[in-house]
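Report on the structure given below.
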Amino acid sequence: MNFTFRQIRYFVAVADCLSVSRAAQELHISQSAVTGSVRELEEGLGAKLLERGPRGVTLTAQGHQFLLHARRILGAMSDATHSLNAFTHHEEGQLTIGVTSLVAGYYLSDALGRFRRLFPAVRLEVKEDEQPYLEHQIVNGEIDVGLLMTNRTIRHEAFDTELLTRSPLRLWLPANHALCAQPTLSLQALAQEPLIALTADQMEQVIRSGLRRHGLHPHTVLRTASVEAVRSLVTSHLGIALMPDFAYRPWSLEQERVEARAIKEPIPAIDIGLVWRRGSRLDWAAREFIEIAKEQGRLRARLSAPR
């Protein structure tokens with residue numbers, strides 16, 4: 001049984017996209033190269049991994065099983081590369097990361113956890129604060145990299161940024177609400193319903209700014225900095241909420257169901273990304289964290305993509 005790292009990488013790309021053409025676009029190679037590589041992999045394994053159809057591909061039972069191992073192989077190769085960099089730098093260094101409270105709860109742990117496993121000797125410091133203050137510290141060199149809402153940065157000319165994810169806003173409703181009968185909703189629904197506003201990371205201001213573009217000024221009955229409080233208040237029928245998709249989870253702490261519905265009108269999404277001072281010479285530890293965060297962002301996007 002012989003196969004190459006290239007064959008593994010191409011197979012995982014096809015499995016993530018469920019399309020040879022989209023995988024070829026992501027890999028920046030020809031479709032024939034992807035098709036040939038996956039076919040060689042199947043022949044080497046003696047197993048059919050993909051079912052080809054007019055609308056793309058699907059994984060066979062053997063394909064699903066092999067995909068689990070293929071992801072581990074790619075992860076091990078990536079970790080090996082990062083570990084070599086750590087060896088080159090004797091695993092020593094220092095990294096200061098700035099993050100807001102909302103972003104910390106949903107995007108920090110995966111990238112930071114992997115960085116810690118790969119570079120345990122690096123001295124890590126995480127500063128959680130309001131975004132304007134974190135931006136000030138990045139400009140002053142007190143923070144190496146920020147994990148922030150990049151469409152909210154105040155001084156765009158002062159920073160380099162790397163988008164990790166774009167999270168659309170959706171309406172949160174209690175499970176038996178009358179509006180749940182509709183798969184998508186108009187923002188006009190907000191005019192008829194009490195609104196619960198999330199104040200963390202100035203989300204209320206961001207959302208109100210988007211609503212004003214549509215001439216809407218909904219009645220806010222409750223404000224809270226806690227996503228879990230928003231979830232519980234919605235399930236208690238105290239109002240509905242307009243929330244970023246990355247914060248959605250279908251159950252409240254009281255095990256009551258929360259439904260989320262897409263919005264018909266165009267409204268700005270919430271961009272989460274990396275921010276560092278433009279023109280700064282980043283230390284190796286900061287560069288490694290940026291690469292790891294980008295990898296985690298790509299993985300999150302693939303796992304959450306509609307099938």
Side-chain angles (χ1 to χ4, degrees), residues 97-109 126-138 146-156 159 161 163-174 179 185-191 193-236 238-253 258-275 297 300 304:
I97 300 168
V99 65
T100 60
S101 59
L102 182 60
V103 175
Y106 296 92
Y107 287 97
L108 181 63
S109 61
V126 177
K127 296 183 178 182
E128 182 182 303
D129 215 310
E130 293 295 322
Q131 181 150 329
Y133 183 61
L134 294 174
E135 291 181 12
H136 175 74
Q137 290 187 299
I138 294 171
L147 190 56
L148 308 173
M149 290 169 56
T150 54
N151 53 348
R152 271 199 53 226
T153 50
I154 299 169
R155 297 169 57 188
H156 290 275
F159 304 111
T161 62
L163 179 66
L164 296 179
T165 186
R166 177 161 287 152
S167 186
L169 295 171
R170 295 202 289 171
L171 277 175
W172 286 13
L173 310 161
L179 292 174
L185 294 170
S186 170
L187 285 173
Q188 295 301 323
L190 289 171
E193 299 283 342
L195 183 70
I196 298 166
L198 178 68
T199 60
D201 286 11
Q202 297 184 329
M203 280 294 301
E204 184 179 14
Q205 293 92 319
V206 173
I207 289 173
R208 282 192 174 277
S209 175
L211 294 178
R212 280 197 298 269
R213 300 181 187 183
H214 296 277
L216 294 173
H217 302 275
H219 174 53
T220 300
V221 292
L222 286 163
R223 292 178 172 85
T224 176
S226 167
V227 173
E228 293 308 320
V230 172
R231 212 184 310 272
S232 295
L233 291 166
V234 167
T235 60
S236 298
L238 293 172
I240 65 177
L242 193 57
M243 295 284 286
D245 195 41
F246 67 75
Y248 178 67
R249 193 178 66 241
W251 301 101
S252 71
L253 294 176
V258 177
E259 296 287 343
R261 293 293 182 269
I263 304 298
K264 293 178 181 178
E265 294 89 348
I267 186 169
I270 303 300
D271 291 347
I272 305 297
L274 300 162
V275 178
R300 178 190 286 261
S304 62

Q: Could you walk me through whether L148 and E135 pass side chain to side chain contact (heavy atoms under 4.5 Å, CB included), step by step?
A: CA-CA 9 Å; L148 308 173; E135 291 181 12; 4.2 Å; yes
Do you know the tightest heavy-atom contact between [X] and [Y]?
X: S101; Y: E128; answer: CB-OE2, 3.3 Å
X: I270; Y: P244; answer: CG1-CB, 4.0 Å
X: L134; Y: K127; answer: CD2-O, 3.7 Å
X: L169; Y: P268; answer: CD1-O, 3.6 Å
X: E265; Y: S186; answer: OE2-OG, 2.5 Å
X: R231; Y: W251; answer: CD-O, 3.2 Å

Partners of [X] by side chain to side chain contact (heavy atoms under 4.5 Å, CB included), sequence neighbours excluded?
X: R166; result: L163, A269, D271
X: P168; result: D245
X: S226; result: T224, E228, A229

Please confirm whether the backbone N or O of [Y] pairs with a side-chain atom of [X], one donor and one acceptor, at under 3.5 Å?
X: Y248; Y: V258; answer: yes
X: H214; Y: Q188; answer: no
X: S209; Y: V206; answer: no

Can you tell me how far apart [atom1] ([X]) and [atom2] ([Y]) are? Round to the nearest 0.5 Å.
X: L108; Y: T100; atom1: CG; atom2: OG1; result: 10.0 Å
X: I207; Y: L216; atom1: CD1; atom2: CG; result: 13.0 Å
X: M243; Y: L102; atom1: CE; atom2: CG; result: 7.0 Å
X: L164; Y: T150; atom1: CG; atom2: OG1; result: 8.0 Å
X: L233; Y: L238; atom1: CG; atom2: CG; result: 5.5 Å
X: I267; Y: R213; atom1: CD1; atom2: CZ; result: 8.5 Å

Q) Who passes salt bridge (charged side-chain N to carboxylate O under 4.0 Å, His left out) against D129, sequence neighbours left out? A)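 D129: no salt bridge (charged side-chain N to carboxylate O under 4.0 Å, His left out) contacts found.
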Q) What residues, two or more places apart in sequence or in another chain, satisfy salt bridge (charged side-chain N to carboxylate O under 4.0 Å, His left out) together with E204? A)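 Listed in chain order: R208, R223.
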Q.
Tell me every residue that passes ring-ring contact (aromatic ring centres under 6.0 Å, His included) with Y106, counting only those two or more places apart in sequence or in another chain.
A.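 ring-ring contact (aromatic ring centres under 6.0 Å, His included) list for Y106, sorted by chain: F246.
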Q: Determine, stepwise, if the pair L190 / L171 fulfils side chain to side chain contact (heavy atoms under 4.5 Å, CB included).
A: CA-CA 9 Å; L190 289 171; L171 277 175; 3.6 Å; yes
Q | Stepwise side chain to side chain contact (heavy atoms under 4.5 Å, CB included) check, M149 with Q131 | A | CA-CA 8 Å; M149 290 169 56; Q131 181 150 329; 3.8 Å; yes
Q) Can I240 and I196 be said to form a side chain to side chain contact (heavy atoms under 4.5 Å, CB included), step by step? A) CA-CA 6 Å; I240 65 177; I196 298 166; over 6 Å; no
